[in-house]
There are 2 protein chains.
Amino acid sequence: MSTSGRGLHGHVLESLGPAITAGEYPPGSVLRTDELAQSFDVSRSVMREAVRVLESMHLVESRRRVGVTVRPKSEWNVYDPQVIRWRLAGADRPQQLRSLTVLRSAVEPIAAGLAAKHATAEQCAELTECALGMVANSRGHRLEGYLIHDMAFHRVILNASGNEMFARLGDVVAEVLAGRTHHEVMFEDPDPAAVTLHVQVAEAVRAGDAVRAESLTREITVGALQELDILAP
Amino acid sequence: MSTSGRGLHGHVLESLGPAITAGEYPPGSVLRTDELAQSFDVSRSVMREAVRVLESMHLVESRRRVGVTVRPKSEWNVYDPQVIRWRLAGADRPQQLRSLTVLRSAVEPIAAGLAAKHATAEQCAELTECALGMVANSRGHRLEGYLIHDMAFHRVILNASGNEMFARLGDVVAEVLAGRTHHEVMFEDPDPAAVTLHVQVAEAVRAGDAVRAESLTREITVGALQELDILAP
DNA sequence: CAGGAACAAAAAGTCAGACTTATTTGTCAC
DNA sequence: GTGACAAATAAGTCTGACTTTTTGTTCCTG
């Protein structure tokens, strides 16, 4: 499930990345490669590779004679899955969650509309299967089962949209949904209205009704936004 | 304007990255670090750093005893600005342009609606200034001047939305707009209707009319989509 | 005192070579 | 065929020496 924990440099990243995104090193802080290498007990080569990756994420900037400078948050590659994961695990988790939910509310309705036009028969079948799975797990504290089908549902929609940019948001949406279930206050059972909406979206997509699919999905995302407002007004 | 051309490893990236995104090495291809280092005439350390960056973009995967494998396009980090730039400069530029325009059509209307609620007085002023600049350059082959104000306009909207994920799409949108002017067939002068819409959006944002700002911006993005359909049906 | 040129120090950048380790593949016995 | 064992291979790691760029200081001059 996780990504780059392989290799020594990956281990360093998994420690240094979250520290930076959590604001442990505020923007403008200067790190020295040699000192970092010592503190992580790795060679300079390994540390340099880690710094290069952080640099490609625009988290830091490496300059001669000055060192490795932490960049302001506004320049970070906030769409990088790894950065998203680090931030979701750290201090500004709430802000990140809100940003991502707003992004969802913009993207998913359009994606659903496109899915209604482009979804294959197989994808339609998969979609109804997911919706049924959600219904089956919507009562009696079966949150894990519900979550799995929920994540799969939205992933299928995004893939079926036929847009590669949308498709790549599947992981992000899954992360948001998982976060809601695992970390935030989750009501005992999911909102029955939301479950119904998912079933209806599956129907609309199968029927090729783009307008209806878009509008129903918008209702789902509006619900997700309201849920956030309740938790953090 | 460009990013990582600094250092030897950056130079290697600017050559190897576009080659991969252009499909010069099809998915599944296996590269060897040592051979690459030789062919680029750099040391292995430098080549390893370059490979690490490509790996963090999910363009390749490095495994022991097998080499550096090119990953399928569906796994690439297509939101990475560098990857976007490489793809826009290469073979699948049309597909990339279409994906990004669809993304715009999803994001920008919502962003405009949020901007109407959150924009500061300064941002409102900037916005009308941009719109006026577009009007002033809308006739008489002043495409460059028009483009500059167009890019600035959309960047202000995205920033004023108050959502960091939206804000980071400013560069992407700018790239799309610039591409349309520089590479695609651009009509002599911009569509007068589009110019008017921008002015009206600026007004709506200043007035705090979120619904109107969203709907007007949707008209703009619909126009952009239609423009694409005309060019590549 | 201002301004600039020369110089010194600091940190990243680069290279080369030796060594380690994981993974695959092939082989041989059972 | 299957299982274990051995060899080959390419990435991974470490170290030390060297280069290059940038910054800050010093000192000289107008």
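Protein chains get the first letters and strands the later ones, always in sequence-line order, with residue 1 at the start of each. In this text the structure is predicted, and so the values were computed from the model without any measurement.
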For A:S99 and B:E164, what are the C-alpha separation, side-chain angles and deciding distance, and is it a side chain to side chain donor-acceptor pair (under 3.5 Å)?
CA-CA 7 Å; A:S99 303; B:E164 53 178 359; 3.1 Å; yes
To the nearest Å, give me how far apart CZ (A:R64) and P (D:dT22) are.
7 Å
Between atom CZ in A:F40 and atom C1' in D:dC14, what is the gap in whole Å?
18 Å
If you only use heavy atoms from C-beta on, which nucleotide in C:dT14, D:dA10, D:dT20 is closest to the side chain of B:R32?
D:dA10
Tell me whether the OP1 or OP2 atom of C:dA12 has a side-chain N or O from A:T33 closer than 4.0 Å.
yes
Separation of D:dT23 atom P from A:R63 atom CZ, nearest Å, is 5 Å
Between the base of D:dG16 and the side chain of A:R44, is one N or O donor paired with an acceptor at under 3.5 angstrom?
yes
What is the separation between atom NE2 on B:H9 and atom C1' on C:dT14, rounded to the nearest whole Å?
13 Å
Take B:M57 and B:R71 through the test side chain to side chain contact (heavy atoms under 4.5 Å, CB included) and record every step on the way to the result.
CA-CA 10 Å; B:M57 296 169 173; B:R71 303 180 93 161; over 6 Å; no
Can you tell me the distance, in whole Å, between the CE atom of B:M47 and the P atom of C:dT14?
12 Å
Considering residues, nucleotides and ligands other than A:E75, do more than 12 of their heavy atoms fall under 6.0 Å from its CD?
yes
Inspect the contact between B:E49 and A:R48 and indicate whether a charged nitrogen and a carboxylate oxygen are less than 4.0 angstrom apart.
yes
In whole angstrom, what separates A:D34's CG from C:dA12's C1'?
9 Å
For B:V51 and for A:V66, locate the closest nucleotide of DNA chain D by heavy-atom distance; then report the residue assigned to the nucleotide nearer the 5' terminus.
B:V51
Report which part of the nucleic acid A:S45 touches: base, sugar-phosphate, or nothing (heavy-atom distance under 4.0 Å, all strands).
base
For a quick check of understanding: with a heavy-atom distance under 4.0 Å over all strands, which category does A:R48 fall into, base, sugar-phosphate or nothing?
base
Once you round it to whole Å, what is the distance between P of C:dA12 and CG of A:L54?
14 Å
For nucleotides 5-9 of chain C, tabulate all protein N/O to nucleotide N/O atom pairs closer than 3.5 Å, reporting atom names and distance.
from	atom 1	to	atom 2	distance (Å)
C:dA9	N3	A:R65	NH1	2.8

Determine the interplanar angle of the A:Y79 and B:Y79 rings, folded into 0 to 90°, and report it as parallel if under 30°, tilted if 30 to 60°, perpendicular if over 60°.
parallel
Is a salt bridge present between B:R6 and A:E55, judged by a nitrogen-to-oxygen distance below 4.0 Å?
no
Show the numbers, then the answer: is there a side chain to side chain contact (heavy atoms under 4.5 Å, CB included) between B:L103 and A:N163?
CA-CA 9 Å; B:L103 180 66; A:N163 185 302; 5.6 Å; no
Would you mind reading off the distance between A:R6 atom CZ and C:dT21 atom P, rounded to a whole angstrom?
19 Å
Testing D:dC14, C:dT24, C:dA22 for proximity to the side chain of A:V42, the answer is D:dC14
